[in-house]
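Nothing here was measured: the structure is a model prediction, and the numbers come from that model. Below, read A as the first sequence line, B as the second, and so on, with proteins coming before strands; counting in each chain starts at 1.
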Amino acid sequence: MKEQLTVLLQQALDTLIAQGVLPADTRPQIQIDRSRDKRHGDLACNIALALAKAAKRKPRELAELICDALPADPLVTRTEIAGPGFINFFLSADSNQAVIRRILEQGRTFGTSTTGAGRKVQVEFVSANPTGPLHVGHGRGAAVGDSLCRLLAATGWHVASEFYYNDAGAQIDNLALSVQARCRNVSPDDPEWPQDGYRGDYIRDLAQAYLRGDTVDAEDRHVTGSGRADDLDDIRQFAVAYLRREQDLDLKAFAVHFDEYFLESSLYRQGAVEATVERLIGNGHCYERDGALWLRTTDFGDDKDRVMRKREGGYTYFLPDVAYHLNKWQRGFERVINEQGADHHSTVTRVRAGLQALDQGIPEGWPEYVLHQMVTVMRDGAEVKLSKRAGSYLTLRELIDEVGRDATRFFLVARAANSQLTFDIDLALSQSNDNPVYYIQYAHARSCSVMRKLEEQGWQWQPQSALQHLDQLQEEHEKSLLRQLDRYPEVVENAALHSEPHTLANYLRDLAGDFHTWYNAHKMLVEEEAVRDARVALSQAVGQVIANGLDLLGVSAPEVM
RNA sequence: GGGGGUAUAGCUCAGCUGGAUAGAGCACCGGCCUUCUAAGCCGAUGGUCGCAGGUUCGAAUCCUGCUACUCCCGCCA
């Protein structure tokens with residue numbers, strides 16, 4: 001609808017240019033906004049305010065001229081000039097009601113677009129090292145990252161999801177030593193316990209499984225434990241597989257899927273790390289100091305230079321990170337979005353600097369980052385304390401078991417990533433309108449219930465004939481709902497474009513609120529057939545949009561509650 | 001000390017990327033009411049958008065400088 005209006009406005013401006021009212025070189029950005037206030041019509045345009053100076057006229061006067069030059073169109077019933085010079089458009093009832101037809105015809109595809117045009121985008125998220133179960137912070141990454149994938153796919157991108165992890169570094173050695181200690185019945189408080197060992201109880205379970213000779217099947221590896229406590233390498237293999245399997249189960253419980261699991265070790269095996277170092281040295285961005293090899297990242301906006309190769313010869317994590325991202329670039333991803341905890345923010349500049357130093361024509365802002373802030377968990381009005389030293393923390397799976405997948409996903413995705421999040425378990429569990437998940441799902445269930453009730457009463461409802469009666473939707477509540485429904489495709493588009501899935505969550509809460517209000521105010525299953533047809537059509541449309549939107553958040557839309 | 005993030009109603013948070021009188025839910029207050037599903041419904045009150053400047057027709061939104069909270073700042077990952 002905005003597009004049609006833009007065309008009309010452009011024609012009006014062309015006319016004014018031809019008449020000499022506007023300078024010939026006017027290249028205006030036509031911006032059309034939805035009116036917040038009903039009295040300001042349906043859509044508003046600020047073009048007269050923006051062009052007033054160029055036209056050397058008062059904004060209202062120019063607005064008048066634009067309106068006069070506007071071609072007539074059945075879409076627009078009338079225009080009005082308001083405030084400092086806004087042009088308000090009042091659209092025909094017909095065009096407002098047409099959204100229901102679009103929704104019912106398009107069904108599950110309503111709200112999707114082809115904006116991405118099949119271009120390749122990769123979303124990397126979670127990327128937890130296999131040293132323990134996933135915690136709530138990983139859950140936030142999983143919820144946000146997976147929703148981003150869904151949003152991008154819905155807007156026409158070719159999406160690949162990826163999980164990156166280190167299966168061979170110092171932390172994994174540490175893991176193996178911890179498991180070995182447990183195999184030998186050493187406890188975290190014993191003097192022989194390894195320095196910085198992983199103290200959690202899961203290490204004990206892991207050790208027992210190893211000693212039993214269990215076989216573990218993870219998504220990307222399969223290992224049988226030998227049970228030999230002396231074989232540290234075997235323990236390492238087993239421990240990584242075991243914890244990867246645990247994480248797979250966590251992700252499965254969360255309905256999150258990855259197309260690719262990428263191993264840091266593979267970069268070394270393929271020589272990608274060496275090749276990257278040589279390239280960086282060859283480009284003259286490196287120097288030696290104190291026996292270490294440094295990259296001059298300050299040339300690319302970092303606040304200090306970074307060590308790439310340590311004095312003892314090993315590489316810092318930063319170098320494989322650069323090699324990894326070069327690999328992503330070579331795989332042809334036009335966009336790469338990395339979803340990570342905000343504590344990794346310092347790597348952003350570093351990785352981008354490294355990529356620039358490679359001189360491969362990689363854009364400066366590539367890759368994109370979505371960084372999420374910390375999650376704290378509340379239960380019974382008090383913060384659930386997480387003790388890293390004792391290795392005790394609330395795992396993602398425990399949270400899902402307690403409040404369910406839908407509530408967990410919704411709560412973790414419903415807040416802007418870059419603000420801190422408090423997860424209120426009591427709220428997530430409550431079946432009341434305080435709980436947005438319940439509130440939204442209930443709106444969907446209600447819309448389904450109306451249909452069931454209709455059939456019980458022996459009434460017929462056919463979309464084709466119902467669509468003939470949309471002019472019956474005259475109540476204010478119905479008009480607000482129509483406006484709300486009409487926004488949905490834009491909401492999806494913007495959420496995908498700006499990597500902000502929380503805006504979709506907010507939208508759904510608003511839509512559900514409008515639906516409940518309408519439901520309370522007006523009976524749908526009235527005797528009068530035309531009115532009933534139209535209202536059921538609206539109810540169906542709302543249910544469809546809620547189902548579509550919830551799906552993009554990875555939340556189910558139950559038909560009965 | 002350097003950097004990231006945040007700051008909006010008593011509380012939890014929105015605010016469509018610069019638009020018109022800043023919104024919602026809780027809480028509080030006043031009415032109504034038990035329904036096509038069982039979250040009751042309607043309304044009122046409540047704001048120096050952290051502070052101070054700047055940019056322009058117009059700023060919660062952009063820029064600069066402060067303040068508070070928070071996270072990061074290793075030849076760990």
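Among the protein residues, A:D424 comes within range of no part of the nucleic acid, since none of its heavy atoms lies under 4.0 Å from any strand. Within 4.0 Å of A:Y488, counting heavy atoms only, lies no atom of the nucleic acid at all. Across all strands, A:E264 comes closer than 4.0 Å only to sugar-phosphate atoms, never to a base (heavy-atom distances). Among the heavy atoms of the strands lying under 4.0 Å from A:R289 is at least one base atom, whether or not backbone atoms are also near. Base engagement by A:R452 is indicated by at least one non-hydrogen atom pair under 4.0 Å involving a base atom. Using a 4.0 Å heavy-atom cutoff across all strands shown, A:T349 reaches no nucleic acid atom at all. Base contact: A:M561 has a heavy atom under 4.0 Å from a base atom. At the heavy-atom level, A:E500 lies under 4.0 Å from base atoms of the strands shown. Contacts of A:S35 with the nucleic acid, taken as non-hydrogen atoms under 4.0 Å apart, are absent. Across all strands, A:F86 comes closer than 4.0 Å to base atoms (heavy-atom distances). Counting any heavy atom pair closer than 4.0 Å across all strands shown, A:N88 reaches a base atom. Heavy atoms of A:A521 sit nowhere under 4.0 angstrom from any nucleic acid atom. Looking at heavy-atom distances under 4.0 Å, A:K523 makes contact with a base. If you check every strand for non-hydrogen atoms under 4.0 Å, A:A445 touches a base.
Glycosidic conformation of B:U17: syn, with the torsion inside 90° of 0.
Of the candidates B:U21, B:A14, B:C75, B:U21 carries the atom nearest the A:R39 side chain, counting heavy atoms from C-beta on. Closest approach to the A:N520 side chain among B:G19, B:A77, B:A39 is made by B:A39 (side chain taken as heavy atoms from C-beta onward). When distances run from any side-chain atom of A:S346 to the nucleotides B:A77, B:C72, B:G19, the shortest one goes to B:C72. Which of B:C71, B:G4, B:C13 sits closest to the side chain of A:R415 comes down to B:C13. Here B:A14 is the nucleotide among B:A14, B:C72, B:G5 with the atom lying nearest to any side-chain atom of A:N506. For A:H498, whose side chain is taken as the heavy atoms from C-beta onward, the closest listed nucleotide among B:C75, B:U17, B:A39 is B:U17. Checking B:G4, B:C42, B:C36 against the side-chain heavy atoms of A:T517 singles out B:C42 as nearest. The side chain of A:D303 sits closest to B:G2 out of B:C75, B:G2, B:G4. In the set B:G19, B:A77, B:C41, the nucleotide with an atom closest to the side chain of A:P84 is B:G19. Of the candidate nucleotides B:A20, B:A39, B:A77, B:A20 has the atom nearest to the side chain of A:H40.
Toward the 5′ end of RNA chain B lies the nearest nucleotide of A:Q457, the other residue of the pair A:N129 and A:Q457 mapping further downstream. Nearer to the 5' terminus of RNA chain B, by closest-nucleotide assignment, is the contact made by A:Y442 (compared with the other of A:A170 and A:Y442).
Taking atom OH of A:Y439 as the reference point, atom P of B:A24 lies 12 Å away to the nearest angstrom. A:Q373 has its CD atom 9 Å from the P atom of B:G5, to the nearest Å. Taking atom CZ of A:R57 as the reference point, atom P of B:C57 lies 18 Å away to the nearest angstrom. If you measure from atom CG of A:N418 to atom P of B:U61, you get 17 Å, rounded to the nearest angstrom. Going from atom CD of A:Q441 over to atom C1' of B:A38 covers 15 Å, rounded to whole Å. Here the P atom of nucleotide B:C36 and the CH2 atom of A:W461 are 21 Å apart, to the nearest Å. Rounding to whole angstrom units, CG of residue A:L511 and C1' of B:A39 are separated by 16 Å. With rounding to whole Å, A:R34 atom CZ is found 17 Å from B:A20 atom C1'.
Only the P atoms considered, B:G54 is 15 Å distant from B:A60, to the nearest whole Å. Here, B:A59 and B:G19 have their C1' atoms 10 Å apart, quoted to the whole Å. B:G10 and B:A77 are spaced 43 Å apart, taking the C1' atom of each and rounding to whole Å. B:U61 and B:G53 have their P atoms separated by 14 Å, with the value rounded to a whole Å. When the P atom is used for both B:G5 and B:U48, the distance is 27 Å, rounded to whole Å. Across B:G23 and B:U8, the matching C1' atoms stand 10 Å from one another, rounded to whole Å.
A:Y317 does not qualify as a stacking partner of the B:C76 base, lacking a centre-to-centre distance under 5.5 Å together with planes within 30°.
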Taking only Watson-Crick and G-U wobble pairs with both distances under 3.5 Å, what dot-bracket line describes RNA chain B, where [ ] shows pairs that cross earlier ones and | shows pairs with another strand?
(((((((..((((.....[...))))..((((.......))))......(((((..]....))))))))))))....
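Considering all non-hydrogen atoms of both residues, A:A48 and A:P59 come closest at CB-O, 3.5 Å. Counting all heavy atoms, side chain and backbone alike, A:L553 lies closest to A:V413 at CD2-CG1, 4.0 Å.
The side chain of A:N46 places no N or O atom within less than 4.0 Å of a non-bridging phosphate oxygen (OP1 or OP2) of B:G19. Residue A:K304 places none of its side-chain N or O atoms closer than 4.0 Å to OP1 or OP2 of B:C73. Dashed line: the shortest gap from a side-chain N or O of A:S449 to OP1 or OP2 of B:U37 is under 4.0 Å. Contact between the side-chain N/O atoms of A:K58 and the OP1/OP2 oxygens of B:C57 is not found at any separation under 4.0 Å. The shortest distance between the side-chain N/O atoms of A:K53 and the OP1/OP2 oxygens of B:C57 is below 4.0 Å. OP1 or OP2 of B:G15 lies within a sub-4.0 Å distance of a side-chain N or O belonging to A:H502. For the OP1/OP2 pair of B:A22 and a distance below 4.0 Å, the side-chain nitrogens and oxygens of A:R36 include no atom meeting the criterion.
In the displayed structure, A:Q457 atom CD is contacted under 6.0 Å by more than 12 heavy atoms of other residues, nucleotides or ligands. Enclosure of atom NZ in A:K310 by more than 12 non-hydrogen atoms of other residues, nucleotides or ligands within 6.0 angstrom is indicated. Residue A:E475 qualifies as enclosed at atom CD: its count of foreign heavy atoms under 6.0 Å is above 12. Remark: A:E364 CD is loosely packed, at most 12 non-hydrogen atoms of other residues, nucleotides or ligands lying under 6.0 Å away.
Comment: A:D303 engages A:R306 in a salt bridge, judged by a side-chain N to carboxylate O separation of less than 4.0 angstrom. Residues A:D486 and A:R34 are paired through a salt bridge, judged by an N-O separation under 4.0 Å between the basic side chain and the carboxylate.
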Side chain to side chain donor-acceptor pair (under 3.5 Å) between A:R352 and A:Y369: does it pass, once the steps are laid out?
CA-CA 11 Å; A:R352 285 182 180 159; A:Y369 284 84; 6.0 Å; no
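With sequence neighbours excluded, the residues forming a salt bridge (charged side-chain N to carboxylate O under 4.0 Å, His left out) with A:E478 are A:R535, listed by chain and number.
Under 3.5 Å, the side chains of A:H344 and A:N338 contain no donor-acceptor pair of N or O atoms.
Note that A:R532 lies in the cation-pi zone of A:W459, set by a 6.0 Å cut-off to the ring centre and a 45° limit from the axis.
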